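In what follows, a single structure is set out as structure tokens and then discussed.
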Amino acid sequence: MLQVARGLLGRMLVYDAPEGRLSGRIVEVEAYRGPGDPASHAWRGATPRTRIMFGAPGHAYVYFTYGMHHCLNVVAEPEGRAAAVLVRALEPLSGLEWMARRRGRLPRERLMRGPGCVGRALGLTLRHDGLDLVEGPLWISNLAPVRGGRRIGVSGRVGIRRGAGRPWRLFLIGHPCVSAVRTPMRRGV
DNA sequence: GTATCGATTAGC
DNA sequence: CTAATCGATACA
């Protein structure tokens with residue numbers, strides 16, 4: 001699962017939306033497990049919401065939270081074992097006009113900085129929950145990751161209480177599109 | 001059925 | 001620091 005999280009950094013996420021192609025490079029992720037990870041939605045086992053997390057890898061787990069945000073995850077373990085990688089930030093690559101239309105006029109690096117902002121910029125909803133991320137229309141490119149020579153930083157996960165000690169947030173060190181969070185870095189890779 | 005709480009964000 | 005805002009979940 002951490003392997004998947006690491007492999008996602010620098011990869012391109014593409015959404016062939018009705019209005020056109022939106023895409024971005026993944027620069028920040030967080031890994032979540034199932035039972036045994038108290039910060040995970042799936043820590044008490046499968047529920048209607050977390051069903052997808054227990055399903056086949058390479059699918060989208062989209063959840064709705066705080067009454068207003070849709071967040072995107074990539075299911076990351078074989079069927080039957082719950083795990084997902086939360087996509088926390090993207091560097092916008094194409095479709096910036098549409099992202100700006102949803103997010104407002106913002107500097108490019110702020111369009112998809114933060115998991116709620118990613119969902120908002122791309123126009124994700126619960127209709128995207130369970131989508132196959134290989135087939136599209138929402139998919140992850142299999143081209144080699146591009147990290148621009150940046151190393152991978154590791155820290156605790158953001159916005160959780162239980163399970164906060166686990167160093168399962170990965171990001172590209174120094175990338176301007178990584179969300180500004182005061183979680184101390186554990187190490188660079 | 002009701003009550004509580006967010007894997008967040010923007011704004012003061 | 002807090003409000004916003006509502007689905008998922010737990011519990012009676």
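In the text below, chain A, chain B and the rest are named by the order of the sequence lines, each starting its count at 1. Excluded from the calculations below are hydrogen atoms, water molecules and symmetry mates; all remaining heavy atoms, backbone and side chain alike, are included. Because the structure is a prediction, the values reported are computed rather than measured.
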Represent DNA chain B in dot-bracket notation, 5' to 3'. Only Watson-Crick or G-U wobble pairs with both distances under 3.5 Å count; pseudoknot-style crossings use [ ] and interstrand partners use |. ||||||.||||.
Do R169(A)'s NZ or CZ and the ring of F171(A) fall within the cation-pi criteria of under 6.0 Å and 45°?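 Cation-pi check for R169(A) and F171(A): passes.
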Decide whether a cation-pi geometry holds between R157(A) and Y32(A); the criteria are a distance under 6.0 Å from NZ or CZ to the six-membered ring centre and an angle within 45° of the ring axis. yes
Option among H41(A), H69(A), H70(A) that satisfies the ring pair (Phe, Tyr, Trp, His ring centres under 6.0 Å) test with Y63(A): H41(A)
Closer than 4.0 angstrom, basic N to acidic O: yes or no for R102(A) and E19(A)?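 Salt bridge present between R102(A) and E19(A).
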Salt bridge or not for R113(A) and E28(A), using N-O below 4.0 Å?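 Here R113(A) does not pair with E28(A) in a salt bridge, since their nearest N and O are not under 4.0 Å apart.
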Check every strand shown and say whether R44(A) touches a base, only sugar-phosphate, or nothing at a heavy-atom separation below 4.0 Å.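 Here R44(A) touches the backbone only, sparing every base.
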D16(A) and W139(A) side chains, donor-acceptor separation under 3.5 Å: yes
Would you find a donor on one side and an acceptor on the other, under 3.5 Å apart, between the side chain of T50(A) and the backbone of T47(A)?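 Side chain of T50(A) to backbone of T47(A), a donor-acceptor pair under 3.5 Å: yes, one is there.
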Given 3.5 Å as the limit, does a donor-acceptor pair link the side chain of R33(A) with the main chain of A82(A), or not?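 Checked: no pair found.
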Nucleotides 3-12 of chain B: protein proximity per nucleotide (B base, S sugar-phosphate only, - neither; heavy atom, under 4.0 Å): ---BBBSS--
